Participant: 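Quick one: structure below, then a few questions.
Note that the structure is a prediction, hence the values are computed from the model and not measured.
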Amino acid sequence: QVQLVESGGGSVQAGGSLRLSCAASGYIAGFSYWGWFRQVPGKEREGVATISRTSGKSAYADSVKGRFTISEANTKTTLDLQMNNLTPEDAAMYYCAASRAVFGSIRSLRRDDINYWGQGTQVTVSS
């Protein structure tokens with residue numbers, strides 16, 4: 001089992017920045033990809049950013065490319081998401097997620113890839 005705990009959410013004005021972190025514990029060797037999803041009420045949970053724990057390669061949703069950066073600590077137990085130039089459209093509950101899937105090449109994680117979810121952290125962006 002893997003436990004994921006997010007932190008770093010909060011409120012920010014449009015154009016501002018936030019950094020989310022996800023701490024993994026348990027059988028951390030048991031997943032090969034992890035990343036961030038977000039969800040607003042009434043909409044499906046969508047993938048935001050993904051990173052491969054083996055290659056270090058990453059993938060992003062088009063809506064966040066150039067503004068968000070995903071990174072993994074050298075310890076491989078912490079996953080960060082640096083979010084810059086935030087807009088009200090970025091406001092959502094953000095979830096850390098991990099997958100045991102094996103891909104031929106890096107791609108964004110999908111909901112049905114996910115084996116482990118965190119509890120979420122709220123991001124609010126005011127205009």
Participant: If you look at every heavy atom in S127 and P88, which pair is closest and at what distance?
Facilitator: CB-CG, 3.9 Å

Participant: State which residue, out of T87, D90, N85, fulfils the side chain to side chain donor-acceptor pair (under 3.5 Å) condition with R67.
Facilitator: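 Testing R67 for a side chain to side chain donor-acceptor pair (under 3.5 Å) against T87, D90, N85 leaves exactly one candidate, D90.
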
Participant: Looking at R111 and E46, does any basic side-chain N land under 4.0 Å from a carboxylate oxygen?
Facilitator: no

Participant: Is there side-chain contact between T50 and D113, with heavy atoms separated by less than 4.5 Å?
Facilitator: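 No, side chains not in contact.
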
Participant: If only atom types and distance count, is the side chain of S32 paired as donor or acceptor with the main-chain N or O of A101 below 3.5 Å?
Facilitator: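 Confirmed, S32 side chain pairs with A101 backbone.
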
Participant: If every non-hydrogen atom of S99 is compared with every non-hydrogen atom of F31, which pair is closest and at what distance?
Facilitator: O-CB, 3.3 Å

Participant: Rounded to the nearest 0.5 Å, how far apart are CE of M93 and OG1 of T124?
Facilitator: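 Nearest 0.5 Å value for the CE-OG1 distance: 9.0 Å.
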
Participant: Which atom pairs, donor and acceptor, lie under 3.5 Å between side-chain atoms of residues 69-76 and protein residues at least two apart or in another chain?
Facilitator:
{"residue": "E72", "atom": "OE1", "partner": "K76", "partner atom": "NZ", "Å": "3.1"}
{"residue": "E72", "atom": "OE2", "partner": "W34", "partner atom": "NE1", "Å": "2.9"}
{"residue": "E72", "atom": "OE2", "partner": "R53", "partner atom": "NE", "Å": "3.0"}
{"residue": "T75", "atom": "OG1", "partner": "T77", "partner atom": "N", "Å": "3.4"}
{"residue": "T75", "atom": "OG1", "partner": "T77", "partner atom": "OG1", "Å": "3.0"}
{"residue": "K76", "atom": "NZ", "partner": "R53", "partner atom": "O", "Å": "3.1"}

Participant: Tell me the closest heavy-atom pair linking V40 and A92, and the distance in Å.
Facilitator: CG1-CB, 3.6 Å

Participant: Applying the 4.5 Å side-chain criterion to the ILVMFWY set and letting contacts propagate, would V64 and F37 be lumped into a single cluster?
Facilitator: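 Unlinked, V64 and F37 end up in two clusters.
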
Participant: Between Y95 and W117, what is the ring plane arrangement, given parallel below 30°, perpendicular above 60°, and tilted in between?
Facilitator: perpendicular

Participant: Please identify each residue that fulfils side chain to side chain donor-acceptor pair (under 3.5 Å) with Y94, with sequence neighbours left out.
Facilitator: R38

Participant: R100: what forms a salt bridge (charged side-chain N to carboxylate O under 4.0 Å, His left out) with it, not counting sequence neighbours?
Facilitator: none

Participant: Is the number of heavy atoms from other residues, nucleotides or ligands within 6.0 Å of CD (Q13) greater than 12?
Facilitator: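 No - once you tally the heavy atoms of other residues, nucleotides and ligands closer than 6.0 Å, there are 12 at most.
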
Participant: Do M83 and L20 make a side-chain contact, defined as non-hydrogen atoms from C-beta onward lying under 4.5 Å apart?
Facilitator: yes

Participant: Indicate the atoms forming the closest heavy-atom contact of Q82 with N84, along with that distance.
Facilitator: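 Looks like NE2-OD1, 2.9 Å.
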
Participant: With sequence neighbours left out, write down each residue that passes side chain to side chain donor-acceptor pair (under 3.5 Å) with K65, or none if nothing qualifies.
Facilitator: D62

Participant: If the condition is salt bridge (charged side-chain N to carboxylate O under 4.0 Å, His left out), which residues does E6 pass it with, not counting sequence neighbours?
Facilitator: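 If we apply the salt bridge (charged side-chain N to carboxylate O under 4.0 Å, His left out) test to E6, skipping adjacent residues, there are no hits.
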
Participant: Could you tell me the separation between the CG atom of L81 and the CD1 atom of I51, rounded to the nearest 0.5 Å?
Facilitator: 10.5 Å

Participant: Mind checking whether W36 and F68 have ring centres under 6.0 Å apart?
Facilitator: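 Ring centroids of W36 and F68 are no less than 6.0 Å from each other.
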
Participant: State plainly whether one hydrophobic cluster holds both Y33 and I28, where clusters connect Ile, Leu, Val, Met, Phe, Trp and Tyr through side-chain heavy atoms under 4.5 angstrom apart.
Facilitator: no

Participant: Looking only at heavy atoms, what is the nearest atom pair of I106 and A59, with distance?
Facilitator: CG1-CB, 4.0 Å

Participant: Applying salt bridge (charged side-chain N to carboxylate O under 4.0 Å, His left out), name anything that partners D80, two or more places apart in sequence or on another chain.
Facilitator: R19

Participant: How close do L4 and Q119 get, heavy atom to heavy atom, and via which atoms?
Facilitator: O-OE1, 3.6 Å

Participant: Would you kindly confirm whether V48 and L18 end up in one hydrophobic cluster when ILVMFWY residues are joined by side chain heavy atoms under 4.5 Å apart?
Facilitator: yes

Participant: Between the main-chain N or O of G9 and the side-chain N or O of T121, is there a donor-acceptor pair closer than 3.5 Å?
Facilitator: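 It does hold such a pair.
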
